[in-house]
Structures are given as structure tokens and as C-alpha cells.
Amino acid sequence: QVQLVDSGGGSVQAGGSLSISCAASGRTISSYAMGWFRQAPGKEREFVATISDNGGVAYYADSVKRRFTISRDNAKNAVYLQMSSLKPEDTAVYYCAISRGNGTGRTPYDYNYWGQGTQVTVSS
């Protein structure tokens, strides 16, 4: 049984930084791309970042480029999202997900297992 546990969310003022983590169990993630998505109230789930199976390639949504960094530690079966220069519009529940394969997809349909989400709130 594959399980992803998202953690590390919280409240921060605009301009601040926050790191969130995702721990996987039930499957070794080293053969899969991993992604982060977010969903704000009343909005659809949107792509944030994705990283290839070996960590060599990463892609970001334009809205977070140069502010967020995705990374992974396959030995720990974990993926991370370092967020800096946070803005109020970054407020959302953040979800990590395992790709259906090793492709770095950017839609929710490219992923088949999801964490429970962690809340990130940025105040102005």
C-alpha cells in the first residue's frame, strides 16, 4: 500500500520562507518522478513543481520559478519543496504526488498517488 505523508506547512509572513516534506512508504520512489501541486479554496489543483526520478531535471510553474526549489532524497524515500519570497497568493494546501511513470508530467492526471496535503498560509 503506497502512502505519502506531507508535512511542514504553517503560517508565514509575506517574504518569508518555508520548507515542506513528503515521506513515502509502500513503494520505492527512485524509479518515479515526483511532483508538488497546490489547491487554494475555490480553485482547481494546480501544478507547482516536478522532479525526475534521479533528481537531475526539475520543472516549475511560472508563478513559483526562482522562488521555489524541489529536491528529493531517494535514500530516504522523500521529496521536499523549499519555498522562499512567499506571497499571499501562495496560500494553499500543498500536495505531493508520485508520477505514473518516470515522466515529469504537469497535470494531476500524470500522478496516481497523493499525500494528504499540508496547509501553507502566507499573510501580508
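Computation of the quantities below employed the complete heavy-atom set of this structure, encompassing side-chain atoms and omitting hydrogens, waters and symmetry-equivalent molecules. Values in this document were obtained by computation on a predicted structure and should not be read as measured data.
A distance of 10.0 Å separates CG of Leu4 from OH of Tyr113, quoted to the nearest 0.5 Å. Note that CD1 of Ile98 is 7.0 Å distant from CD1 of Ile29, once rounded to the nearest 0.5 Å.
Taking each heavy atom of Tyr60 and Val64 in turn, the nearest pair found is CB-CG2, 4.1 Å. When every heavy atom of Ala14 is checked against every heavy atom of Ser124, the shortest pair comes out as CB-CA, 4.3 Å. Nearest heavy-atom pair across Val93 and Gly117 is CG1-CA, 3.7 Å. For the pair Leu81 and Trp36, the tightest heavy-atom approach, listed with the atom from each and the gap, is CB-NE1, 3.6 Å.
For residues 23-63, there are no disulfide bond (SG atoms under 2.5 Å apart) pairs, not counting sequence neighbours. Applying the side chain to side chain donor-acceptor pair (under 3.5 Å) test to pairs two or more places apart or on separate chains, those with a residue in residues 11-24 are Ser19-Gln82. Residue pairs meeting the salt bridge (Lys or Arg N to Asp or Glu O under 4.0 Å) criterion with at least one member in residues 14-32, sequence neighbours excluded, do not occur. Listed by first then second residue, pairs satisfying salt bridge (Lys or Arg N to Asp or Glu O under 4.0 Å) with a partner in residues 98-123 number zero, not counting sequence neighbours. Residue pairs meeting the disulfide bond (SG atoms under 2.5 Å apart) criterion with at least one partner in residues 82-124, sequence neighbours excluded, are Cys22-Cys96.
Grouping the Ile, Leu, Val, Met, Phe, Trp and Tyr side chains by contacts below 4.5 angstrom, directly or via other members, places Val2 apart from Tyr95.
With sequence neighbours excluded, the residues that form a side-chain contact (heavy atoms from CB on, under 4.5 Å) with Thr28 are Ser30, Asn77. Residues satisfying the side-chain contact (heavy atoms from CB on, under 4.5 Å) criterion with Ser31, sequence neighbours excluded, are absent altogether. Every residue meeting the side-chain contact (heavy atoms from CB on, under 4.5 Å) condition with Leu86, not counting sequence neighbours, appears here in chain and number order: Val12, Leu18, Phe68, Met83, Asp90, Val122. Qualifying side chain to side chain donor-acceptor pair (under 3.5 Å) partners for Thr121, counting only residues two or more places apart in sequence or in other chains: Gln119.
Without hydrogens or angle criteria, Tyr80 side chain to Thr69 main chain gives no donor-acceptor distance under 3.5 Å.
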Listing, residues 39-59 side-chain donor-acceptor contacts under 3.5 Å, not counting sequence neighbours, or none:
residue : atom : partner : partner atom : Å
Gln39   : OE1  : Arg45   : NE           : 3.4
Gln39   : OE1  : Arg45   : NH2          : 3.4
Gln39   : NE2  : Lys43   : O            : 3.1
Glu46   : OE2  : Arg38   : NE           : 2.6
Glu46   : OE2  : Arg38   : NH2          : 3.2
Thr50   : OG1  : Met34   : O            : 3.0
Thr50   : OG1  : Tyr111  : OH           : 2.9
Ser52   : OG   : Asn54   : OD1          : 3.1
Ser52   : OG   : Gly56   : N            : 3.1
Ser52   : OG   : Val57   : N            : 3.0
Ser52   : OG   : Val57   : O            : 3.4
Asn54   : OD1  : Gly56   : N            : 2.9

